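Before any comments, here is the structure.
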Amino acid sequence: QVQLVESGGGLVQPGGSLRLSCVCSERAFINYNMGWFRQAPGKEREFVVAITWSGGSTYYADSVKGRFAISRVNAKNTMYLQMNSLKPEDTAVYYCAANLRGGLRVGPDEYSIWGQGTQVTVSS
C-alpha cells in the first residue's frame with residue numbers, strides 16, 4: 001500500500017520560513033500528480049498548491065502565491081513545500097496527497113492517497 005509521510009513542520013515566528021517534505025513509499029510516485037492541503041482547527045481542509053508528475057506545471061491558491069513554492073525530486077520519491085514570509089493565518093496541519101486522476105486538481109475529494117499531516121504553527 002502506498003504511503004505518504006510528511007515532515008518539517010514546527011513552530012516559527014511570523015515572517016519566518018519552513019520547508020515541508022513529503023516522502024512516498026513507492027516508485028509509483030513518479031506517476032502521481034501531487035498536492036498540498038492544510039486544515040486549521042474548526043475549518044475545512046483547504047487547497048494550497050498542486051504539481052504535475054513531471055513538476056512542469058503548478059497551481060497555487062491565491063493566499064500563498066508568491067510566498068510558497070512547491071517542488072519535487074522524483075528520483076527521491078519526495079515533494080517539498082518551501083514556505084516563506086509565514087503569517088499566523090498559515091497555522092494549520094499540512095497534508096500532502098496524491099491525485100490519481102491526472103491534471104492539477106484543487107478539491108480534496110479528487111485526491112486518493114493522503115499523508116498523516118504535519119503541524120505548522122506561526123506565532124510570536
Side-chain angles (χ1 to χ4, degrees):
Q1 184 175 358
V2 177
Q3 291 186 327
L4 301 175
V5 179
E6 303 96 333
S7 62
L11 173 64
V12 63
Q13 292 186 343
S17 298
L18 281 175
R19 188 176 82 156
L20 306 183
S21 298
C22 171
V23 179
C24 181
S25 61
E26 303 290 338
R27 283 295 295 148
F29 174 77
I30 195 172
N31 298 317
Y32 299 153
N33 294 325
M34 300 291 294
W36 285 99
F37 289 78
R38 64 187 182 186
Q39 189 166 19
K43 295 188 176 181
E44 293 186 352
R45 194 162 297 190
E46 173 189 29
F47 169 78
V48 176
V49 60
I51 188 169
T52 54
W53 68 271
S54 67
S57 295
T58 58
Y59 182 75
Y60 290 86
D62 287 344
S63 59
V64 305
K65 199 173 296 183
R67 298 188 299 122
F68 290 12
I70 190 172
S71 62
R72 63 189 294 165
V73 179
N74 287 339
K76 295 185 178 181
N77 293 355
T78 303
M79 176 177 67
Y80 303 98
L81 182 64
Q82 178 66 43
M83 305 187 294
N84 299 324
S85 302
L86 282 161
K87 305 175 182 180
E89 51 263 44
D90 295 317
T91 295
V93 177
Y94 283 71
Y95 299 89
C96 66
N99 152 32
L100 305 185
R101 299 186 181 186
L104 295 168
R105 300 190 179 260
V106 302
D109 58 348
E110 298 179 291
Y111 287 75
S112 304
I113 305 169
W114 291 84
Q116 84 289 348
T118 185
Q119 176 70 47
V120 171
T121 302
V122 184
S123 175
S124 55

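Worth saying up front: this structure is predicted, and the values here are computed from it rather than measured.
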Within the structure provided, determine whether [X] and [Y] are in side-chain contact (heavy-atom separation under 4.5 Å).
X: N77; Y: E26; value: no
X: L81; Y: Y94; value: yes
X: T58; Y: L104; value: no
X: F29; Y: V23; value: no
X: L4; Y: Y95; value: no
X: E6; Y: L20; value: no

Closest non-hydrogen atom pair, [X] against [Y]:
X: S123; Y: P14; result: C-CD, 3.6 Å
X: T78; Y: S21; result: CG2-CB, 4.5 Å
X: L86; Y: V12; result: CD1-CG1, 3.6 Å
X: I30; Y: R72; result: CA-NH2, 4.2 Å
X: C24; Y: V2; result: SG-CG1, 3.7 Å
X: I113; Y: Y32; result: CD1-OH, 4.0 Å

Where the side chain of [X] meets the backbone of [Y], is there a donor-acceptor pair that is under 3.5 Å apart?
X: Q116; Y: V5; result: no
X: R67; Y: S85; result: yes
X: N74; Y: W53; result: yes
X: R105; Y: A50; result: no
X: Q82; Y: A69; result: no
X: N99; Y: G102; result: yes
X: N33; Y: G103; result: yes
X: S124; Y: Q13; result: no
X: E46; Y: R38; result: no

Can you tell me how far [atom2] of [Y] sits from [atom1] of [X], rounded to the nearest 0.5 angstrom?
X: C96; Y: I51; atom1: SG; atom2: CD1; result: 12.5 Å
X: W114; Y: F37; atom1: CH2; atom2: CZ; result: 4.5 Å
X: R19; Y: M83; atom1: CZ; atom2: CE; result: 11.5 Å
X: Q119; Y: L11; atom1: CD; atom2: CG; result: 9.5 Å
X: S63; Y: E89; atom1: OG; atom2: CD; result: 9.0 Å
X: S112; Y: R101; atom1: OG; atom2: CZ; result: 7.0 Å

Starting from [Y], can I reach [X] by hopping between I/L/V/M/F/W/Y residues whose side chains sit under 4.5 Å apart?
X: F68; Y: V120; value: yes
X: Y80; Y: V48; value: no
X: V122; Y: V64; value: yes

Go through the steps to decide whether S17 and N84 satisfy the test side chain to side chain contact (heavy atoms under 4.5 Å, CB included), and finish with yes or no. CA-CA 4 Å; S17 298; N84 299 324; 2.9 Å; yes

If you draw a 6.0 Å radius around OH in Y60, do more than 12 non-hydrogen atoms from other residues or ligands fall strictly inside?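 Count over threshold, so yes.
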
Could you tell me if R45 sits above the aromatic ring of Y111, with its cationic atom closer than 6.0 Å to the ring centre and no more than 45 degrees from the axis?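 The answer is no, since R45 fails at least one limit relative to Y111.
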
Answer yes or no: is there an ion pair linking K65 with D62, defined by an N-O contact shorter than 4.0 Å?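 Here K65 pairs with D62 in a salt bridge, since their nearest N and O are under 4.0 Å apart.
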
